[in-house]
Chemist: 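Right, I'll just put the structure down here and ask away after.
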There are 2 protein chains.
Amino acid sequence: MNVETALQKLKEKGYKRTKQRERILEIFVKQDQYIAAKEILKEIQNDFPGVSYDTIYRNLYMLTDVDILEATELGGEKHFRLGCDTHGHHHHFICTTCGKTKSIEFCPMDSINENLNGYDVENHKFEIYGKCPQCH
Amino acid sequence: MNVETALQKLKEKGYKRTKQRERILEIFVKQDQYIAAKEILKEIQNDFPGVSYDTIYRNLYMLTDVDILEATELGGEKHFRLGCDTHGHHHHFICTTCGKTKSIEFCPMDSINENLNGYDVENHKFEIYGKCPQCH
DNA sequence: GTTTAAATCGTAATGATTATCAATTAACTT
DNA sequence: AAGTTAATTGATAATCATTACGATTTAAAC
C-alpha cells in the first residue's frame with residue numbers, strides 16, 4: 001500500500017489529512033518491517049520538533065484500527081508495520097536482529113478449528129523469531 | 001509439576017529454597033492459567049507484607065529461565081504460568097475473560113520448516129485467544 | 001471567509017518494570 | 001552447633017513506555 005491509498009482510505013472513514021499522518025505513513029511505506037512506537041516518534045521529531053506523544057500513539061492505534069497498520073508486541077514494546085493487504089491472511093517470520101520480516105503463507109488455524117468445539121475464537125497470533133539470511 | 005519437584009529442580013541448579021519461592025510456586029501449581037506479575041505480587045503480599053518487587057520479578061524470570069514457568073505478554077503485561085512438561089511441546093488457547101487455558105496438541109512449526117531455508121529459527125509463538133465454553 | 005469538529009501540542013500522570021545496596025538468610029563447613 | 005559465605009531479600013528510587021487532558025490549532029465543509 002502507498003501513502004495516497006492509505007490517506008484515501010482515511011478520508012472515506014472521515015479522518016482528516018494532516019502532515020503528521022502523511023509523515024507517519026511515509027515511514028511505514030518505506031520500511032517493510034515492524035517498528036517500535038518510539039522509533040516513529042524519533043523519526044517524526046526530525047520534521048516536527050514539537051510532536052506530541054499523544055499524536056503518535058493515537059494515530060498508530062487509529063491506523064491499526066482501520067487495518068492500515070498491523071501491531072504486535074516485541075520485547076515489551078508495541079511495534080507496528082504496514083498491513084500487507086496485497087495478499088490474504090498470513091503470518092510472519094521476524095528477524096530478531098534487523099527486524100525485517102518474511103511472509104509465511106500458512107495459517108495454523110485452518111487445520112485446528114475442529115479441536116476447539118465450544119470455544120469462541122476471537123483472535124490468534126503466530127510469529128516465528130530468528131535470524132534472516134543476511135543476519136545469520 | 002508440584003512444588004516439591006520444582007524446588008528439587010532449583011536445588012540441582014544451585015538455587016536456595018526460600019519461603020517466598022515456595023509461595024510463588026504454590027500459586028502457580030494451584031492455578032492452571034496465565035497470571036500477571038502484579039497478581040503474584042498481590043498474592044504474596046498477603047503472607048509477606050514487605051515483599052519487594054525485585055523478589056517477584058527476579059524469581060519469575062529465574063523460574064522461566066530454568067523452564068519451570070512459561071511467559072507470555074497479554075494486554076501489555078507479562079504473564080506467567082506453570083510449564084506443562086507432562087506432555088511435550090504444545091500451544092495454548094487462552095480465554096480472554098477468565099484467563100484459563102486449553103492445550104493445543106499441534107505445532108505449526110512441524111510443517112513449515114521447508115519454507116524457511118536460510119533462516120535461523122530461534123523461537124516461535126502460537127496462541128489462540130477467545131472465550132472458553134464457560135465464559136462463552 | 002466562517003464555522004466546527006477533529007487533531008495536535010505541551011505537559012503531567014500512570015503504571016509496570018528495573019536497579020541499587022544494605023541487611024538478612026539458607027546451607028555448607030568445621 | 002556456631003561460623004562462614006554467597007545467595008536472596010527488603011526498601012526505596014529510578015526508568016521508561018504509554019496514557020491522559022485541557023488549551024490551542026487546523027482541516028475541510030459550507
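Per chain, numbering begins at 1; letters A, B, ... match sequence-line order.
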Chemist: Among residues 19-32 of chain B, which ones have heavy-atom contacts with DNA chain D below 4.0 Å?
Modeler: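 Only Gln20(B), Arg21(B) qualify.
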
Chemist: Sequence neighbours left out, what pairs pass side chain to side chain donor-acceptor pair (under 3.5 Å) with at least one residue falling in residues 121-136 of chain B?
Modeler: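 The answer is Thr96(A)-Glu122(B), Glu122(A)-Lys131(B), Lys131(A)-Glu122(B), Thr72(B)-Lys125(B), Thr72(B)-Glu127(B), His89(B)-His124(B), His91(B)-His124(B), Thr96(B)-Lys131(B), Thr97(B)-Lys131(B), Glu127(B)-Tyr129(B).
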
Chemist: Would you classify Arg17(A) as touching base, sugar-phosphate or nothing, given that sugar-phosphate means primed atoms plus P, OP1 and OP2, and contacts are heavy atoms under 4.0 Å?
Modeler: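 Touches sugar-phosphate only.
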
Chemist: Output the rounded distance in Å from CG (Leu60(B)) to C1' (dA16(C)).
Modeler: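 Rounded to whole Å, this separation is 13 Å.
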
Chemist: Considering only heavy atoms, which members of residues 37-57 of chain B lie under 4.0 Å from some atom of DNA chain D?
Modeler: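 Nucleic-acid contacts, sorted: Gly50(B), Val51(B), Ser52(B), Tyr53(B), Asp54(B), Thr55(B).
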
Chemist: Counting distance only, does the side-chain N/O of Asp65(B) pair as donor-acceptor with the main-chain N or O of Tyr61(B) below 3.5 Å?
Modeler: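 Side chain of Asp65(B) to backbone of Tyr61(B): no pair is present.
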
Chemist: Any side-chain N or O of Thr18(A) less than 4.0 Å from the OP1 or OP2 oxygen of dT8(C)?
Modeler: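 So the side-chain polar atoms of Thr18(A) do come within 4.0 Å of the phosphate oxygens OP1 or OP2 of dT8(C), strictly under.
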
Chemist: Not counting sequence neighbours, list each pair that qualifies as a ring-ring contact (aromatic ring centres under 6.0 Å, His included) and has a residue in residues 1-58 of chain A.
Modeler: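 Pairs touching residues 1-58 of chain A that pass the test: none.
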
Chemist: Rounded to whole Å, how long is the line connecting atom CE of Met62(B) with atom P of dA7(D)?
Modeler: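 The answer, rounded to whole Å, is 13 Å.
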
Chemist: Starting from the C-alpha separation in whole Å, work towards a yes-or-no answer on salt bridge (Lys or Arg N to Asp or Glu O under 4.0 Å) for Lys100(A) and Asp32(A).
Modeler: CA-CA 7 Å; Lys100(A) 289 211 186 64; Asp32(A) 185 29; over 6 Å; no

Chemist: Taking all heavy atoms of Ser52(B) and all of Leu41(B), pick out the closest pair and write down the distance.
Modeler: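 Minimum heavy-atom separation between Ser52(B) and Leu41(B): O-CD1, 4.4 Å.
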
Chemist: Taking it one step at a time, do Cys107(A) and Phe126(A) satisfy side chain to side chain contact (heavy atoms under 4.5 Å, CB included)?
Modeler: CA-CA 8 Å; Cys107(A) 177; Phe126(A) 176 39; over 6 Å; no

Chemist: Can you list everything that forms a side chain to side chain donor-acceptor pair (under 3.5 Å) with Gln33(A)? Sequence neighbours excluded, please.
Modeler: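 With sequence neighbours excluded, Gln33(A) shows a side chain to side chain donor-acceptor pair (under 3.5 Å) to no residue whatsoever.
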
Chemist: Rounded to the Å, how far apart are Leu7(A) CG and dA7(C) P?
Modeler: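 Roughly 12 Å, once rounded to whole Å.
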
Chemist: Give, ordered by number, those residues of residues 65-82 of chain A having at least one heavy-atom distance below 4.0 Å to an atom of DNA chain D; if nothing qualifies, reply none.
Modeler: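 Per residue number, the list reads Glu77(A), Lys78(A).
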
Chemist: Taking Phe106(B)'s backbone N and O only, do any of them form a donor-acceptor pair with Asp110(B)'s side chain (distance below 3.5 Å, no angle check)?
Modeler: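 Absent.
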
Chemist: What is the distance, rounded to the nearest whole Å, between atom CG of Leu10(B) and atom P of dA7(D)?
Modeler: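 In whole Å, dA7(D) P and Leu10(B) CG are 15 Å from each other.
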
Chemist: Evaluate Lys19(B) against Glu22(B) for salt bridge (Lys or Arg N to Asp or Glu O under 4.0 Å), listing each step before the verdict.
Modeler: CA-CA 5 Å; Lys19(B) 299 186 293 291; Glu22(B) 279 182 45; over 6 Å; no

Chemist: Is any side-chain N or O of Tyr61(B) closer than 4.0 Å to OP1 or OP2 of dT17(C)?
Modeler: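 No, no such contact exists.
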
Chemist: Round to a whole Å and report the spacing from CZ of Arg58(A) to P of dA17(D).
Modeler: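 Distance check: Arg58(A) CZ to dA17(D) P gives 20 Å.
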
Chemist: Please report the distance, rounded to the nearest Å, between OH in Tyr15(A) and P in dA29(D).
Modeler: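 That distance rounds to 16 Å.
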
Chemist: Is there a salt bridge (Lys or Arg N to Asp or Glu O under 4.0 Å) between Glu12(A) and Lys9(A) once you walk through the steps?
Modeler: CA-CA 5 Å; Glu12(A) 283 161 16; Lys9(A) 197 167 177 179; over 6 Å; no

Chemist: Taking it one step at a time, do Gln31(A) and Glu43(A) satisfy side chain to side chain contact (heavy atoms under 4.5 Å, CB included)?
Modeler: CA-CA 12 Å; Gln31(A) 293 184 68; Glu43(A) 287 254 18; 3.8 Å; yes

